[in-house]
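Data block below; observations after.
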Amino acid sequence: MAIEPYRHLLRLPGVRNLLLIGLFARVPSTATGMALTLHVAYSLDLGFAKAGLVTMASTVGMAVGSPLSGRFVDKYGLRPVLITTTLAQAVFWATAWALPFPVLAVAAAVAGLLALPVFSVIRQCLAALVPPEQRRMGFSLDSMLVELAYMAGPALAVAGVTTLGSTWTMTVVAVGLVGSGTALTLLNPPTRSAEELLVEQARVPRRQWLTPAFVALLGTTAAATFILTASELAMVATMKNAGHVGWVGLAVAIWCFYSLAGGFVYGGLSRGFSPLLLIGLMGVLTIPVGLVGGDWRLLLLALVPAGVLCAPALSSTVDTASRWVPAAARGEAMGFHGTALLIGGASSAPIAGALIDGYGPAWAFAAAGLVGVVMVLIALPLWRRRPAVLVPAPVAGETAAPPLTSAMTPAPPIAGERLP
């Protein structure tokens, strides 16, 4: 596939800087959970149960705070939100290493509530900078960069705590988050395109876009991260049972490469596919993975079909959300999307862990895939009641964005959306 379309995308004003800053800003953000876990479990020597409580408090705070910060961005602009959340992260991470456990748990929840909204902000601004006909490629590239951040952030946190200690590691995280927030504040990318600013000025009531169909989209988004988190735990458990723990790092990296390759190909296609189709397929293809046994090489081969769908599935949910929601409410919508991602991953870990301990990793693979399929089936009847698409997806051969559809005009579905 030609790389020229990606070069054209990166030549758009502001896109290259936004994606580069987004990549580096996400690395400290992805390191926070691992840094907190290892600090409580090892530096405070309180074990993984209490470490889980702290990370759970942080996750709950982020799940609540993500749509709130998006709503404030829509209402007050980007800079006030970035300045407030950057200062909050600076205070927490500069002092967290010295806090006793009860105070740390409460502070982690507050810090999660005021987390730097890097993920949702990058996606919101990308939708403003990229024309509708190129957004799928833009979101696919963004999903690929997220994969790179998750490959680097937790690994750097582990290396930092084991070599420098949690005090220095948390200080480095604080510096990284402050630097990220400062860079985004100085860049101050637009949250709406020039055309959207001309069309939409008034506040948009939430009932216009927070519809049953949008809730179904959030549910399938959560199902996607449920599949990914459970699959990762099941893969590690399979390799541990087979005595191949030393190859876990390589296996995870190869698995991430599948997603990168899938995202690259998907972004260059002439038209996209429904999130229901992609997430449903990912679920179906995950169910039988555990049948291959403990050989890590066979396991990696079995993960190829579902693995290449990871980035396309997640980017398709962002693309759909950006088309269904008015620009004036896009920040809050992207915040809800981030909450769905968090809920899927957070709920998956204990369920998959219980299945692995009680029945073996093969059942965790099967359950993860089944959850994805069931969620898609639940979403199907609600999907038919989706709102009129404000920014239609391009069809094959289109070179420019079509006109905006009227709120009373049925929107043309993208490939895979002709569902019963």
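Numbering of residues begins at 1 and proceeds along the displayed sequence.
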In residues 277-293, what donor-acceptor pairs under 3.5 Å come from side-chain atoms, sequence neighbours left out?
| unit_1 | atom_1 | unit_2 | atom_2 | d |
| --- | --- | --- | --- | --- |
| Thr286 | OG1 | Met282 | O | 2.6 |

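- Side-chain contact between Val146 and Arg123: present, with at least one pair of heavy atoms (C-beta onward) separated by less than 4.5 Å.
- The closest side-chain heavy-atom distance from Ile351 to Phe226 is below 4.5 Å.
- Taking 4.0 Å as the cut-off between side-chain N and carboxylate O, Asp142 and Arg26 count as a salt-bridged pair.
- For the pair Thr85 (side chain) and Leu116 (backbone), a donor-acceptor distance under 3.5 Å is absent.
- With hydrogens and angles ignored, the 3.5 Å screen pairs a side-chain donor or acceptor of Thr30 with a backbone N or O of Ala149.
- Glu332 has no carboxylate O lying under 4.0 Å from a charged side-chain N of Lys75, or vice versa, which leaves the two without a salt bridge.
- Residues that satisfy the side chain to side chain donor-acceptor pair (under 3.5 Å) test with Glu147, not counting sequence neighbours, are Ser259.
- The OG1 atom of Thr220 sits 11.0 Å away from atom CD1 of Ile378, with the distance rounded to the nearest 0.5 Å.
- Across all their heavy atoms, Val27 and Leu156 have their closest contact at CG1-CD1, 4.0 Å.
- Residues Ser315 and Tyr266 have side chains in contact (heavy-atom distance under 4.5 Å, counting atoms from C-beta outward).
- The backbone N or O of Asp319 lies less than 3.5 Å from no partner atom in the side chain of Arg135, so there is not a single donor-acceptor pair.
- Among all heavy-atom pairs drawn from Gly153 and Ala31, the shortest one is O-CB, 3.4 Å.
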Under 3.5 Å, side-chain donor or acceptor atoms of residues 86-94 against the rest of the protein: list the pairs with distances, not counting sequence neighbours.
| unit_1 | atom_1 | unit_2 | atom_2 | d |
| --- | --- | --- | --- | --- |
| Thr86 | OG1 | Leu82 | O | 2.6 |
| Gln89 | OE1 | Trp93 | NE1 | 3.3 |
| Gln89 | NE2 | Ala111 | O | 2.9 |
| Gln89 | NE2 | Leu114 | O | 2.9 |

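- The backbone N or O of Val161 lies less than 3.5 Å from a partner atom in the side chain of Thr169, making a donor-acceptor pair.
- A side-chain donor-acceptor contact under 3.5 Å links Thr84 to the backbone of Pro80.
- In this structure, Leu18 CG and Leu129 CG are separated by 6.0 Å, a value rounded to the nearest 0.5 Å.
- Between Leu314 and Leu228, the closest side-chain pair of non-hydrogen atoms falls below 4.5 Å.
- Panel note: side chain Thr339, backbone Ala63; a donor-acceptor pair is recorded below 3.5 Å.
- Rounding to the nearest 0.5 Å places CG of Leu300 at 4.5 Å from OH of Tyr258.
- Rounding to the nearest 0.5 angstrom, the gap separating the CZ atom in Arg136 from the CZ atom in Arg271 is 9.0 Å.
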### Message
Could you walk me through whether Ile122 and Leu184 satisfy the side chain to side chain contact (heavy atoms under 4.5 Å, CB included) test, starting with their C-alpha distance in whole Å, then the side-chain angles of each, then the deciding distance to 0.1 Å, before giving a yes or no?
### Response
CA-CA 9 Å; Ile122 297 299; Leu184 282 171; 3.9 Å; yes
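- In this structure, Thr211 contributes its side chain and Arg207 its backbone to no donor-acceptor pair below 3.5 Å.
- Looking at heavy atoms from C-beta onward, Leu341 lies in side-chain contact with Thr221 at the 4.5 angstrom threshold.
- The side-chain contact (heavy atoms from CB on, under 4.5 Å) test with Thr317 is passed by exactly one of Ser274, Ser322, Pro275: Pro275.
- Residue Phe101 holds its CZ atom at 5.0 Å from CG of Leu53, rounded to the nearest 0.5 Å.
- Residues His337 and Ser120 bring no donor and acceptor atom of their side chains to less than 3.5 Å of each other.
- Side-chain contact check for Ile227 versus Ser348: every heavy-atom pair is 4.5 Å or farther apart.
- The side-chain contact (heavy atoms from CB on, under 4.5 Å) test applied to Leu141 returns Tyr6, Leu9, Leu10, Leu19, Met144, not counting sequence neighbours.
- Within the 4.5 Å cutoff, the side chain of Ser316 has no heavy atoms near those of the Phe273 side chain.
- Here the shortest heavy-atom pairing between Ala35 and Ala157 reads N-CB, 4.0 Å.
- Going from atom CG of Leu301 over to atom CZ of Arg297 covers 10.0 Å, rounded to the nearest 0.5 Å.
- Contact check for Val121 versus Cys125: side-chain heavy atoms found under the 4.5 Å cut-off.
- For the side chain to side chain donor-acceptor pair (under 3.5 Å) test, residues two or more places apart in sequence or in another chain that qualify with Ser166 are His39, Ser43.
- Scored by the ring-ring contact (aromatic ring centres under 6.0 Å, His included) test, Tyr42 finds Phe48 as partners (sequence neighbours excluded).
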